[in-house]
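Inspection log for the structure reproduced underneath, given as structure tokens.
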Amino acid sequence: MSILRTYARLWTDDLDRALPLLRKLTGTAPDLRLAFGTVELAAIGDFLVIAGPAAERAKYAHASATVVVEDLDEVAATLTSDGADLTTPVTKGPTGRFLYARHADGAEIEYVEWTPELVRRLVRR
């Protein structure tokens with residue numbers, strides 16, 4: 001099982017306002033930018049920026065990080081065998097597949113398996 005990337009989550013009302021400083025701090029442009037339901041997401045450096053109205057962002061605030069993995073099915077099996085609760089089962093999303101899991105210790109994480117194209121572009125450059 002491989003973890004390909006881990007993102008710290010940042011929360012903002014306005015993605016366009018947040019990105020210039022993050023560009024300066026990371027020295028890079030966003031790798032990924034997309035709408036997901038009623039929020040906007042941008043991956044820049046080791047940050048996943050989640051933007052939108054506070055009430056909409058709150059729907060995702062239960063997870064402390066986003067972890068990109070090579071094999072989501074393997075991760076799901078490992079999580080459940082170690083007592084984690086899959087709070088959102090494997091679901092298709094704009095970047096591939098994802099799930100949310102609450103570990104036995106209470107930590108909640110979003111796990112994502114990117115599409116092969118995203119892995120080639122953003123991990124195996």
Side-chain angles (χ1 to χ4, degrees):
M1 169 175 27
S2 292
I3 292 176
L4 304 176
R5 296 198 78 171
T6 301
Y7 290 106
R9 289 173 159 218
L10 298 179
W11 309 93
T12 184
D13 294 329
D14 184 341
L15 191 57
D16 289 322
R17 194 158 178 219
L19 288 177
L21 174 60
L22 293 171
R23 281 188 182 105
K24 288 178 185 176
L25 292 171
T26 63
T28 186
D31 291 321
L32 186 66
R33 185 171 177 171
L34 58 106
F36 183 73
T38 56
V39 296
E40 288 184 280
L41 307 172
I44 182 168
D46 292 324
F47 298 106
L48 179 66
V49 187
I50 302 167
E56 295 302 316
R57 293 190 324 254
K59 296 175 184 177
Y60 307 99
H62 54 282
S64 59
T66 298
V67 178
V68 181
V69 299
E70 195 165 45
D71 185 334
L72 193 61
D73 296 322
E74 183 180 1
V75 168
T78 299
L79 289 166
T80 56
S81 72
D82 282 359
D85 178 32
L86 301 186
T87 57
T88 300
V90 175
T91 304
K92 288 187 180 184
T95 61
R97 303 182 314 143
F98 67 94
L99 65 80
Y100 281 83
R102 184 178 304 109
H103 297 189
D105 65 2
E108 191 156 353
I109 308 292
E110 176 191 30
Y111 292 92
V112 179
E113 179 185 292
W114 278 345
T115 63
E117 186 276 326
L118 281 176
V119 172
R120 276 191 303 278
R121 185 165 64 88
L122 300 177
V123 177
R124 312 220 193 282
R125 300 178 198 205

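Note: Arg5 CZ to Ile3 CD1 = 13.5 Å, rounded to the nearest 0.5 Å. Between atom CG of residue Leu48 and atom OG1 of residue Thr66 there is a gap of 4.5 Å, rounded to the nearest 0.5 Å. The distance from the NE2 atom of His62 to the OG1 atom of Thr87 is 5.0 Å, given to the nearest 0.5 Å.
Contact record, Thr78 with Ser81: O-OG, 3.0 Å, taken as the closest heavy-atom pair. Residues Ala76 and Leu99 come closest through the heavy atom pair CB-CD2, 3.8 Å. Nearest heavy atoms, Pro94 versus Ala35: CG-O, 4.5 Å. Considering every non-hydrogen atom in both Tyr111 and Ala101, the closest pair reads CE1-CB, 4.2 Å. Contact record, Leu10 with Phe47: CD1-CD2, 3.4 Å, taken as the closest heavy-atom pair. Counting all heavy atoms, side chain and backbone alike, Ala65 lies closest to Ile109 at O-CG2, 3.7 Å.
Residue Ile44 forms a side-chain contact (heavy atoms from CB on, under 4.5 Å) with just one option from Asp31, Leu25, Leu22, and that option is Leu22.
Looking at Thr12, its side chain does come within 3.5 Å of a backbone N or O of Asp14 through a donor-acceptor pair.
Under the 4.5 Å side-chain heavy-atom criterion for Ile, Leu, Val, Met, Phe, Trp and Tyr, Leu34 and Leu15 are members of distinct hydrophobic clusters. Placement of Leu19 and Leu41 in two distinct hydrophobic clusters is found when ILVMFWY residues are connected by side-chain heavy-atom separations under 4.5 Å, directly or transitively. Residues Val49 and Leu32 fall into different hydrophobic clusters, defined by Ile, Leu, Val, Met, Phe, Trp and Tyr side chains chained together at heavy-atom separations under 4.5 Å.
Between Trp114 and Tyr7, the ring planes lie tilted relative to each other; the angle falls in the 30° to 60° range.
At a threshold of 4.0 Å, the pair Asp13-Arg57 counts as salt-bridged, since one of the basic side-chain nitrogens sits closer than that to a carboxylate oxygen.
The shortest side-chain heavy-atom distance between Phe98 and Thr88 falls under the 4.5 Å cut-off.
A salt bridge (Lys or Arg N to Asp or Glu O under 4.0 Å) check over residues 78-93, counting only residues at least two apart or in different chains, returns the pairs Asp85-Arg102. Applying the salt bridge (Lys or Arg N to Asp or Glu O under 4.0 Å) rule to pairs touching residues 59-69 yields Glu56-Lys59, sequence neighbours excluded.
For Arg97, the salt bridge (charged side-chain N to carboxylate O under 4.0 Å, His left out) partners two or more places apart in sequence, or in a different chain, are Asp73, Glu113. Residues passing the salt bridge (charged side-chain N to carboxylate O under 4.0 Å, His left out) test with Arg33, sequence neighbours excluded: Asp16, Glu40. By the salt bridge (charged side-chain N to carboxylate O under 4.0 Å, His left out) test, Arg9 is found to be paired with Glu110, residues two or more places apart in sequence or in another chain being considered. The salt bridge (charged side-chain N to carboxylate O under 4.0 Å, His left out) search around Asp46 returns none, not counting sequence neighbours.
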Steps toward side chain to side chain contact (heavy atoms under 4.5 Å, CB included) verdict (Val75, Leu79): CA-CA 6 Å; Val75 168; Leu79 289 166; 3.6 Å; yes
